[in-house]
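What you see is a predicted model, and the numbers here were worked out from it, not measured in a lab. Proteins get letters first, then strands, A, B, ... in listed order; numbering begins at 1 in each.
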Number of protein chains: 2
Amino acid sequence: MDSPSPRAAAAGKRQRLTAATARVLHEQGVERTTIADIARAADVPAGNVYYYFKTKDELVEAALAEHSGYLTSLTHRLDQLADPRERLKGLIATWVGQRDTAARFGCPTGTLAVELDKRTEGGLDLAAGQVIRQLLDWVEQQYRQLGVADPDGRALALVGAYQGMSLLANALRDPEIMTREGARLACELDGLT
Amino acid sequence: MDSPSPRAAAAGKRQRLTAATARVLHEQGVERTTIADIARAADVPAGNVYYYFKTKDELVEAALAEHSGYLTSLTHRLDQLADPRERLKGLIATWVGQRDTAARFGCPTGTLAVELDKRTEGGLDLAAGQVIRQLLDWVEQQYRQLGVADPDGRALALVGAYQGMSLLANALRDPEIMTREGARLACELDGLT
DNA sequence: GTCTATATTTAGATAGAC
DNA sequence: GTCTATCTAAATATAGAC
């Protein structure tokens with residue numbers, strides 16, 4: 001279409017703002033990111049942002065929804081694999097594939113959780129935790145289908161290992177930490193009876 | 001002493017400010033903490049802080065030095081134990097003992113690392129990583145003395161597990177995650193030949 | 001060495017023209 | 001629906017009286 005309808009243009013801008021917010025919050029953190037930063041990244045005029053989002057917190061919420069949507073599409077893709085063990089190994093491979101981003105900026109949801117958890121007001125302090133919970137639940141289901149003992153404990157261990165290796169890779173600026181830990185986790189999966 | 005010398009009083013205030021900064025940054029995060037918050041927590045008049053620390057970043061540096069000092073005294077205490085395996089189990093027990101604080105505010109050094117890593121200026125972006133490196137080095141030494149293979153990989157796994165379980169406990173506000181993961185890590189240590 | 005008052009800067013948010 | 005100008009609030013940092 002050469003001339004998208006105003007409604008379509010508006011939806012496009014809203015989507016661009018959401019995607020840009022997710023990216024910029026990951027790179028700069030919530031507190032160091034200004035509305036102007038987001039507008040620039042989305043190529044939307046600064047004064048126009050408030051037409052689409054009433055407050056900065058609404059932008060943060062939209063970014064969290066974006067992360068949740070990404071996670072949903074990732075797990076749906078992995079669900080195509082027949083073997084739950086292969087699904088978990090696919091998840092680990094995805095993490096390792098993002099090692100350079102992780103070494104520079106950490107896990108998008110994990111770092112957001114750390115920042116939001118410091119808040120006492122606004123009601124977003126536990127919002128990132130819900131996205132992490134979504135991942136934990138999916139991982140637990142895979143262990144359950146594998147028929148191993150303590151599926152939720154194992155899910156905590158796997159997702160915890162991911163958050164931990166992302167934080168270390170980020171703090172030490174070393175993507176190879178993701179590779180090494182990913183290999184170890186895949187090995188452990190292979191060793192499960 | 002009823003009347004400490006001015007020099008002693010000054011050193012006392014500096015120490016109070018350092019300790020208060022470490023505590024408040026942990027609870028509120030760097031970006032959401034104001035100089036006034038720190039002054040109040042240290043019971044020092046707000047306008048007086050700048051006599052002791054020229055900038056907010058100097059306070060952040062002091063807090064990091066405090067964490068490093070805490071880590072040094074903790075490892076020195078654990079070094080009194082004869083068996084390196086017992087030292088590592090003592091470290092894990094210390095982590096689990098701090099589960100309520102971890103569930104509320106995360107690991108002091110880890111959450112500081114996440115925040116500082118988002119910075120591109122000021123030179124403090126990698127400072128928290130050095131404290132984490134200090135812990136990694138000590139843990140690696142213990143594995144080395146145990147004579148197991150891949151001591152630095154194992155150190156990454158153990159410290160990563162700690163950072164991961166702290167983040168999950170914090171994001172989900174559940175201290176029991178620390179207990180469960182701590183038990184698993186201690187078990188793994190017992191299983192090492 | 002202590003403290004008040006204030007300068008400076010910055011960012012979130014809004015009013016209103018177009 | 002778009003955009004500029006601006007209000008307001010807050011926080012870092014400084015000047016200077018005591």
Under 4.0 Å between a side-chain N/O of B:Lys13 and OP1 or OP2 of C:dT2, yes or no? yes
Using a cut-off of strictly less than 4.0 Å, decide whether B:Tyr52 has a side-chain nitrogen or oxygen near OP1 or OP2 of C:dT2. yes
Side-chain contact, heavy-atom cut-off 4.5 Å: [X] with [Y]?
X: B:Arg85; Y: B:Leu88; result: no
X: A:Arg14; Y: A:Phe53; result: yes
X: B:Asp79; Y: B:Gln142; result: yes
X: B:Thr109; Y: B:Leu135; result: no

Any salt bridge linking B:Asp117 with A:Arg173? Criterion: basic side-chain nitrogen under 4.0 Å from a carboxylate oxygen.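 A:Arg173 and B:Asp117: salt-bridged.
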Can you tell me the distance, in whole Å, between the [atom1] atom of [X] and the [atom2] atom of [N]?
X: B:Lys54; N: D:dA15; atom1: NZ; atom2: P; result: 14 Å
X: B:Asn48; N: D:dC18; atom1: CG; atom2: P; result: 17 Å
X: B:Arg14; N: C:dT2; atom1: CZ; atom2: P; result: 13 Å
X: A:Leu17; N: D:dC3; atom1: CG; atom2: C1'; result: 14 Å
X: A:Tyr51; N: C:dA15; atom1: OH; atom2: P; result: 16 Å

Which residues in residues 38-47 of chain A have a heavy atom closer than 4.0 Å to any atom of DNA chain D?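 DNA chain D contact set from residues 38-47 of chain A: A:Pro45, A:Gly47.
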Any sub-3.5 Å donor-acceptor pair from A:Arg16's side-chain atoms to A:Ala42's backbone N or O?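 Side chain of A:Arg16 to backbone of A:Ala42, a donor-acceptor pair under 3.5 Å: yes, one is there.
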Output yes when a side-chain donor or acceptor of B:Lys118 lies under 3.5 Å from a complementary backbone atom of A:Phe105, and no otherwise. yes
Are side-chain N/O atoms of A:Gln134 and A:Thr72 paired as donor and acceptor at under 3.5 Å? yes
When you compare the protein's N or O atoms with those of nucleotides 7-12 of chain C, which come within less than 3.5 Å of each other, and at what distance?
| from | atom 1 | to | atom 2 | distance (Å) |
| --- | --- | --- | --- | --- |
| C:dG12 | OP1 | A:Thr33 | O | 3.4 |
| C:dG12 | OP1 | A:Lys56 | NZ | 3.1 |
| C:dG12 | OP2 | A:Ile35 | N | 3.0 |

